[in-house]
There are 2 protein chains.
Amino acid sequence: MELRHLQYFKAVAEELNFRKAADRLFISQPGLSRQIRQLEELLGVQLFERDQKHVQLTPAGVYLKGEVDFVLNHLETTRTQLKQIDSGKIGELRIGFLGSASNRVLPDLLQKLNEKQPGITTSLEELSNAMQVEMIQKDRLDLGYVRMAIVPEGLSKKTVLKDSFSVVVPLDHGVNSSNFNSLSQFSEEAFILFSSDYSKYYYDQIMGICRDAGFSPQIRHKSVHALTIFKLVENRMGVAIVPTSLKEGYELKVRFLEIPNTSQYTELSAIWKPENRNPALKRVLALL
Amino acid sequence: MELRHLQYFKAVAEELNFRKAADRLFISQPGLSRQIRQLEELLGVQLFERDQKHVQLTPAGVYLKGEVDFVLNHLETTRTQLKQIDSGKIGELRIGFLGSASNRVLPDLLQKLNEKQPGITTSLEELSNAMQVEMIQKDRLDLGYVRMAIVPEGLSKKTVLKDSFSVVVPLDHGVNSSNFNSLSQFSEEAFILFSSDYSKYYYDQIMGICRDAGFSPQIRHKSVHALTIFKLVENRMGVAIVPTSLKEGYELKVRFLEIPNTSQYTELSAIWKPENRNPALKRVLALL
DNA sequence: ATATTTGATAACTGATAGGTATCAATGGAG
DNA sequence: CTCCATTGATACCTATCAGTTATCAAATAT
């Protein structure tokens, strides 16, 4: 059985006249007659009652007509949907991000998406730098928000946020914005850092900043979540160095001190695989 | 576009390998390759990503696979329905049920069906709760008899039986109907339950009943068949808690003790998909 | 380095969808 | 009643194209 049979059946069922149906289908009447007979043989069921002057549907034919209408209609809408998906008007984008992107960058993107590309749905997942890279390379993620200076071979990058670093201290800490001038003031403090397996590059960079200031930090705690780090600082478990933009978006009971005179900064970048064929990705990249 | 294209597409989408798919379809690999390419041209959409070693679906291909599965399955059931209707029937109703429906509810339905709608034939299958839900959602089942408090989104439900629970004990067990007053009398017994993969909800509920009675049951055996459970009880392998209505319909050598004063009860419900197009289903629903 | 596997290409062939010409049966118009 | 238009079915032809075999180059695996 082929769709041809069903389309022909539909025409005959509607016209109840082989010649008119054949005309509508732009084929000859004998050809149509044969295809209908073949359909009846294939299904093992008589669909039309033909006496020499009239054609009408059998009960089985009536049932089949309903189902054929349904199926052909369904296939038609499937075709138009397919076109939409292929052009990226609708589709799903799988986004990975570091926690630090969830303050401004990610909400910005989602809002812009909702405005300009409402057909695109997203699936969001907070993941480490390394995991995002791996998943993008394996086509398990379309877009990632990471912190790294150089991206692995084969991935594209666009920086969306350039961030200085700040020292995070308890509110009652002796150093404040008026007397803070060098990071070396914290050389004897305990430090709280992001875990290196969450972002190796990030970890190394903070170590570099301290080295520039002439000391090697004592690391007491490591965590993967910014909020946890802030809580630890608040409870005087140490001080932390984090991207300045993390200041926004939390109800903070800690003090941020932007580190002056340092060429060190961190970039939040969107990364993706140029060969990625998800059409929704192209549209989203145009928005970045 | 013809059904052939869709069938071939389905095979390739499942195998993700042109040669294996061609073997499965009993055609040659070049022929299959050409048909798929033609389908892509007809739809104006790329469906597969082929590099020289791997084949994978594009997002459009993923979408099409879902629709094709649906359409081909729908056409298949249409064929069997057609046969039924052609032989003077109204259609076939595919019914799934839990074993506990086979005592009263299912025979009742079948008898009523035989009386009021003799044109409807049935195909019956004993299936777990989860399997029934899945098959109904995929249009592989028309009506299911399940035990669950809330049905998944998109399915309709009608409760057909409200059942209390009974403890099942051997005939010579110390506890009988005159001295039974609390489930806690069984707190030290070994228990035999229905497997949780048969009906998660049911399993949890029995655990809840015991918790209400102030103990956590020692579970020694699990089984999916009521009769097996009764046999185990008969041979003093433990006691069981089952819906009271299971008492009927078996030649029992065990004793049922209805649990008093519990708000716990179990409902046997008929579930179906409202969009289901089976004409026999509409008629049967009118009988419920 | 060798063998095996992948999908794509090229050229051939056989089945069949659709064409033309015609038929017998029916029913409406005169 | 006759005539004629209209119905679907039949017989035969043909051009298309689905599916074939025989290859290929590229990529793994051994």
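Below, read A as the first sequence line, B as the second, and so on, with proteins coming before strands; counting in each chain starts at 1. Hydrogens, waters and symmetry mates play no part in the numbers below; they use all other heavy atoms, side chains included.
- A 4.5 Å side-chain heavy-atom check between B/Q81 and A/E67 finds every atom pair outside the cut-off.
- Per the geometry, CD1 belonging to A/I27 stands 17 Å off P belonging to C/dT16, to the nearest Å.
- Legend: salt bridge (Lys or Arg N to Asp or Glu O under 4.0 Å) pairs involving residues 85-94 of chain B, not counting sequence neighbours, sorted by first then second residue: B/R94-B/D142.
- Spacing between atom CG of B/D51 and atom C1' of C/dT5 amounts to 13 Å, rounded to whole angstrom units.
- Taking only distance into account, the side chain of A/Q35 never meets the base of C/dA17 through a donor-acceptor pair shorter than 3.5 Å.
- Here C/dT5 presents its P atom at 16 Å from CD of B/E15, a figure rounded to the nearest Å.
- A sub-4.0 Å separation between OP1 or OP2 of C/dA17 and a side-chain N or O of A/Q38 is present.
- Atoms CZ (B/F48) and P (C/dA8) sit 11 Å apart, rounded to a whole Å.
- Distance from the side chain of A/R34 is smallest to C/dG19 among C/dG19, C/dT22, C/dG7.
- Proximity of A/R4 to the phosphate of C/dA17: a side-chain N or O atom is located under 4.0 Å from OP1 or OP2.
- With hydrogens and angles left out, the side-chain atoms of A/Q46 and A/T58 include no donor and acceptor closer than 3.5 Å.
- No side-chain donor-acceptor contact under 3.5 Å links B/Q84 and B/T80.
- The interatomic distance linking B/L16 (CG) with C/dT6 (P) rounds to 13 Å, in whole Å.
- Residue B/I36 contributes atom CD1, which lies 12 Å from atom P of C/dG7 at whole-angstrom precision.
- Scanning DNA chain D 5' to 3' for nucleotides with an atom closer than 4.0 angstrom to a non-hydrogen atom of chain B gives a first and last hit of D/dA18 to D/dT28.
- Between the side chain of A/K273 and the main chain of A/Q137, a donor-acceptor pair closer than 3.5 Å is present.
- Ring geometry for B/F70 versus A/F70: interplanar angle over 60°, hence perpendicular rather than tilted (30 to 60°).
- Within the 4.0 Å cut-off from OP1 or OP2 of C/dA8, at least one side-chain nitrogen or oxygen of B/S33 is found.
- Ion pairing between B/K65 and B/D69 holds under the 4.0 Å rule for side-chain N and carboxylate O.
- Each of A/R19 and B/L32 has a nearest nucleotide on DNA chain D; the 5'-most of these lies closest to A/R19.
- Across the protein-nucleic acid pair, A/F18 atom CZ and C/dT26 atom P stand 17 Å apart, rounded to whole Å.
- In this structure, B/H54 atom NE2 and C/dT5 atom C1' are separated by 11 Å, rounded to whole Å.
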